[in-house]
Undergrad: 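Quick one: the structure is below, questions incoming.
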Amino acid sequence: MAAVYLSQAYLAPVQYYAKLLPYDTVYLEAAENYVKQTYRNRCLIAGANGIQVLTVPVEKPPTEKCPVRDIRISDHGHWRHLHWQALVSAYGSSSFFEYYRDDFAPFYARKFDFLFDFSEALRQLVCELADLRPDVRLTSRYESSVPNDFRESIRPKHPGTDSYFLPKPYYQVFSGRHGFLPNLSIVDLLFNMGTETIAVLRQSALSGYACDRFAQSFIPELTK
């Protein structure tokens, strides 16, 4: 059984969600210490002025090494309102924003105490809307050496090498102004492409996943 390891992430990028398709099991890292300046508390969207970073503020942990599940969300700066307004501004004219807005709006009205719970609830929503059905399991202990480890290589700065991911261009609201901006948050793909989200994810994953039995049925989809 082939498995992949991913970190917790806030509205993770397309690359992250492409990993949910070809593996039998997805292990979501719940036992690591929190890492700053990663997708764990931020995402990238495409606005009128280009790429925009949305960061969920977190409370300063009591110790330098704090378990990711213990990281609390801060209410500093009315970030929920700002994030929602940024999403409305960026995607209000996209083809599917109105179709999905009532699914996402409650997440920016309800208070979540912990970052992990907030991000995981959003991931489950995205999977439901995109018709993704990964077998996701939370880790109970941290292991430094695991197969198919993308816990640190999928990050906004200094991304690691990923020969199994090639972003498939798709329509974006401001592509006429900025060109295609690859590997933004999954909501960029979902709001622009709707039910075609899963097809773009499939086409963005390369045939290097032939290591597992599921890939035998997955690979033909890549050529469509």
Side-chain angles (χ1 to χ4, degrees), residues 1-45 51-80 82-83 86 104 107-108 110-127 132 134-165 183-188 205 209:
M1 179 184 295
V4 64
Y5 284 75
L6 298 170
S7 66
Q8 161 264 323
Y10 169 53
L11 294 178
V14 172
Q15 179 188 12
Y16 183 104
Y17 278 87
K19 304 303 179 192
L20 304 184
L21 283 169
Y23 292 97
D24 295 292
T25 307
V26 176
Y27 285 102
L28 187 62
E29 185 57 71
E32 67 174 356
N33 289 324
Y34 178 68
V35 182
K36 299 178 181 179
Q37 298 184 347
T38 65
Y39 286 124
R40 289 166 180 82
N41 74 322
R42 67 191 60 192
C43 69
L44 307 180
I45 65 172
I51 294 178
Q52 182 176 357
V53 181
L54 302 182
T55 302
V56 178
V58 298
E59 295 182 359
K60 184 177 180 180
T63 60
E64 183 177 345
K65 294 183 178 181
C66 182
V68 67
R69 298 200 70 170
D70 293 340
I71 295 295
R72 290 181 172 272
I73 295 175
S74 171
D75 286 328
H76 177 72
H78 305 289
W79 70 269
R80 293 179 182 84
L82 295 176
H83 281 213
F104 284 91
F107 286 88
Y108 298 93
R110 171 188 170 188
K111 180 179 178 180
F112 281 79
D113 292 325
F114 293 95
L115 176 65
F116 192 97
D117 297 338
F118 178 58
S119 298
E120 177 59 6
L122 277 169
R123 183 201 62 78
Q124 292 176 12
L125 172 65
V126 169
C127 285
L132 295 169
D135 177 15
V136 176
R137 306 177 189 182
L138 303 185
T139 62
S140 57
R141 65 178 183 178
Y142 181 79
E143 297 183 25
S144 59
S145 180
V146 294
N148 303 313
D149 186 359
F150 293 96
R151 293 173 296 183
E152 295 303 326
S153 61
I154 300 178
R155 54 193 306 152
K157 294 183 179 180
H158 311 297
T161 300
D162 185 356
S163 58
Y164 298 151
F165 175 71
N183 206 28
L184 299 178
S185 167
I186 188 65
V187 294
D188 183 84
Y209 288 121

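All heavy atoms count here, side chains included; hydrogens, waters and symmetry mates do not. Bear in mind the structure is a predicted one, so any value in this text is a computation, not a measurement.
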Undergrad: Return the minimal non-hydrogen interatomic distance between Y142 and E32, and the atom names on each side.
TA: CD1-CB, 3.7 Å
Undergrad: So which heavy atom on P13 is nearest to which on Y39, and how close?
TA: CG-CE1, 3.7 Å
Undergrad: Measure from the ring center of F118 to the ring center of W79 and say whether it is less than 6.0 Å.
TA: yes
Undergrad: For the OH atom of Y17 and the CG atom of L6, what is their distance to the nearest 0.5 Å?
TA: 10.0 Å
Undergrad: Would you please name every residue forming a side-chain contact (heavy atoms from CB on, under 4.5 Å) with L138, sequence neighbours left out?
TA: L28, A30, R69, F116
Undergrad: Please list, chain by chain and in numerical order, all residues satisfying side-chain contact (heavy atoms from CB on, under 4.5 Å) with S185, sequence neighbours excluded.
TA: L11, C43, I45, V187
Undergrad: By side chain to side chain donor-acceptor pair (under 3.5 Å), which residues pair with R123, not counting sequence neighbours?
TA: E120
Undergrad: What's the separation between atom CD1 in I71 and atom CG in D117, rounded to the nearest 0.5 Å?
TA: 12.5 Å
Undergrad: Test side chain to side chain contact (heavy atoms under 4.5 Å, CB included) on Y5 and V26 and set out the steps.
TA: CA-CA 6 Å; Y5 284 75; V26 176; over 6 Å; no
Undergrad: To the nearest 0.5 Å, what is the distance between OH (Y16) and CG (N183)?
TA: 13.0 Å
Undergrad: Restricting to salt bridge (Lys or Arg N to Asp or Glu O under 4.0 Å), what partner residues turn up for E59, sequence neighbours left out?
TA: none
Undergrad: Does the side chain to side chain contact (heavy atoms under 4.5 Å, CB included) test come out yes or no for F150 and V4, once each step is laid out?
TA: CA-CA 7 Å; F150 293 96; V4 64; 3.5 Å; yes
Undergrad: If the threshold is 4.0 Å, N to carboxylate O, is there a salt bridge linking R137 and D135?
TA: yes
Undergrad: Are Y10 and H83 close enough that their ring centers fall under 6.0 Å?
TA: yes
Undergrad: Side chains of E29 and S7: any donor to acceptor distance under 3.5 Å?
TA: no
Undergrad: What is the minimum heavy-atom distance between R151 and S144, and which atoms define it?
TA: NH2-O, 3.6 Å
Undergrad: Partners of D75 by salt bridge (Lys or Arg N to Asp or Glu O under 4.0 Å), sequence neighbours excluded?
TA: R80, K111
Undergrad: Under 4.0 Å between a Lys/Arg side-chain N and an Asp/Glu carboxylate O for D162 and K19?
TA: yes
Undergrad: So, does N41 use its side chain to make a donor-acceptor pair with the main chain of V56 at under 3.5 Å?
TA: yes
Undergrad: With sequence neighbours excluded, tell me which residues meet salt bridge (Lys or Arg N to Asp or Glu O under 4.0 Å) with R110.
TA: none
Undergrad: Does T63 use its side chain to pair, donor to acceptor, with the backbone of K65 at less than 3.5 Å?
TA: yes
Undergrad: Provide the closest heavy-atom pair for Q8 versus R40 in the form atom of the first, atom of the second, distance.
TA: NE2-O, 2.6 Å
Undergrad: Which pair of heavy atoms, one from S119 and one from A9, lies closest together, and at what distance?
TA: CB-O, 3.3 Å
Undergrad: How close do C127 and L20 get, heavy atom to heavy atom, and via which atoms?
TA: SG-CD1, 3.8 Å
Undergrad: Rounded at 0.5 Å granularity, tell me how far CG in L132 sits from CD in Q124.
TA: 12.5 Å
Undergrad: If you apply the rule side chain to side chain contact (heavy atoms under 4.5 Å, CB included), what do you find for L115 with Y34, and how did you get there?
TA: CA-CA 10 Å; L115 176 65; Y34 178 68; 3.9 Å; yes
Undergrad: Could you measure the distance from the CZ atom of F112 to the CZ atom of F107? Nearest 0.5 Å is fine.
TA: 5.0 Å
